[in-house]
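Below is one structure, written out as structure tokens, with a few remarks after it.
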Amino acid sequence: MAGVDLDNQAGVVGGLVAMSTDDSHRPETHAAQALGWHEPQFHSVVPPLFPSASYQRAPDGGYPGGHTYSRDQNPTYDQAEALLARLEGGVAARLFSSGMAAATTVFETLKAGDHIVAPKEMYWTIRLWLEGLPERKGVTISFADNTDLDSWQTCLQKPNTKLVWLETPSNPSLSITDVRAVCELAHAVGAHVVADSTVATPALTRPLSLGCDLVMHSATKQLNGHTDVLAGVLVTKAEDDVWAEVLRDRAYRGAVLGPFEAWLLTRGMRTLFLRVRASCAGAQRVAEALDAHPAAIEVMYPGLPHHPGHALAKTQMDGGFGALLSLRVEGGAARAQAVAGALRVFKNATSLGAVESLVEHRAPVEGPGTRVPPDLLRLSVGIEHPDDLIEDLQRAFELTA
Ligand SMILES: *Cc1c(COP(=O)(O)O)cnc(C)c1O
């Protein structure tokens, strides 16, 4: 074929021609082709990288490329953001310099007197950051039991509760929150609901379709998947007042992702579905093997039929139960630490959702006040052969027996 018929393309977005995938295509196709955007001059199959921090005006002073300055927008962000909005079923997305930058931006939209409800079990650094928020900002916070709807209901205060934060499956306890039910309760008092969906990814769960108003991800994890980018993202269901505040905050405070990281993230997301499927299948195998092993006194993975959130997870996760699982090691904290140190295929390192499997002895990382049991190991299952991972665990248990 002698080139693409540009007149038939949907339009030009920031110098890139949109797009060869459309509404009729499935998420896997959007991801594999990163929406199929390409630049109009050379028609490259892979998108270009736009490092420019600034964009030229036309003689009339306008910006013909639709971009002014990269603290506000950059064509390389546009493509990753458009793909993320598409995968989550939202109307817009914005990248941030980390998951923490994305999360804290949401809380910064609140005013003195506003009330927040957050879960007791949540990503520890967000929890620690939230603890200082009442004093800094004059907001109040209640913490709900992740799995108890009565507890969420009791925490909600009409009309002060403006923001409800949930995280499911939670990191590292793997508890499952009923997203639809919490959204109903929160919307009844007029609160906005935000889901930290890092562990689930849009390949398994789409929180906006379950009722949430915003989705947050640490894109450092499975969205990028290769442990070589630190990034965060927010996706919104509507271009409402909260979203306007999010846009203002990012443009003013500048917690943007560099173009190179945005480009790497887009490349990572092209294999998202393959990686998530492989990791889910591996995590299921590892969880089942651990469940049958006497050295694991408790295995926390929503894919196990005896997990208290298994039936609920099936209604809000489609295609698997995620790459993350935790176990409690027989023999206490010292043995847990020894097992983490004895593993060879699992790397003893923090983070999750990458192609390589990781183990972390979690309680010492969280420190005083943590709800994580001292003997808990968090495992992130990559895309290695599951038998190698299972044999690695069996060997480490034997060495530390
Ligand atoms: C890692 C993580 C974060 C924070 O993201 P960073 O990219 O490390 O800033 C937030 N929530 C969850 C569930 C995470 O796993």
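All ligand and atom numbering here is 1-based and tracks the order in the structure.
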Treating K221 as the side-chain partner and G353 as the backbone partner, does any N or O pair qualify as donor plus acceptor under 3.5 Å?
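No, the answer is negative, given that no donor and acceptor are paired below the 3.5 Å cut-off.
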
Ignoring hydrogens and angles, tell me if any N or O in the side chain of H226 forms a donor-acceptor pair with the backbone of L264 under 3.5 Å.
no

So, 4.0 Å and heavy atoms of [X]: is ligand 1 close enough to count as a contact?
{"X": "L352", "value": "yes"}
{"X": "A231", "value": "yes"}
{"X": "N171", "value": "yes"}

What is the nearest protein non-hydrogen atom to atom 4 (C) of ligand 1, stated with its residue, atom name and distance?
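Here the closest protein heavy atom is Y123 CE2, 3.3 Å.
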
Report the nearest protein non-hydrogen atom to atom 15 (O) of ligand 1: residue, atom name, distance rounded to 0.1 Å.
K221 NZ, 2.8 Å

L272 and P202 have their tightest heavy-atom pair at CD2-CG, 4.2 Å

Where ligand 1 meets [X] - atom numbers and elements under 4.0 angstrom, heavy-atom basis:
{"X": "G99", "value": "5 (O), 6 (P), 7 (O), 9 (O)"}
{"X": "E167", "value": "13 (C)"}
{"X": "S98", "value": "7 (O), 9 (O)"}

So for atom CD, which belongs to E184, do other residues, nucleotides or ligands contribute more than 12 heavy atoms lying within a distance under 6.0 Å?
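Not buried by this count: 12 neighbours or fewer within 6.0 Å.
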
Is it the case that Y55 and N74 place a side-chain donor and acceptor less than 3.5 Å from each other?
yes

Using distance alone, with no hydrogens and no angle criterion, decide if Q222 and T201 have a side-chain donor and acceptor under 3.5 Å apart.
no

Of the side chain and backbone of S351, name the one, both, or neither that has a heavy atom under 4.0 Å from an atom of ligand 1.
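Contact part for S351 vs ligand 1: neither.
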
Between OG1 of T154 and CG of D150, what distance do you get to the nearest 0.5 Å?
6.0 Å

Heavy atoms only: which of D196, T350, I126, T198 is nearest to atom 11 (N) of ligand 1?
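Shortest heavy-atom distance from atom 11 (N) of ligand 1: D196.
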
Does any part of the side chain of L393, heavy atoms only, come nearer than 4.5 Å to the side chain of H293, both counted from C-beta?
no

For ligand 1, which is the ligand I care about here, please tell me if M100 has any N or O atom under 3.5 Å from one of the ligand's N or O atoms.
yes

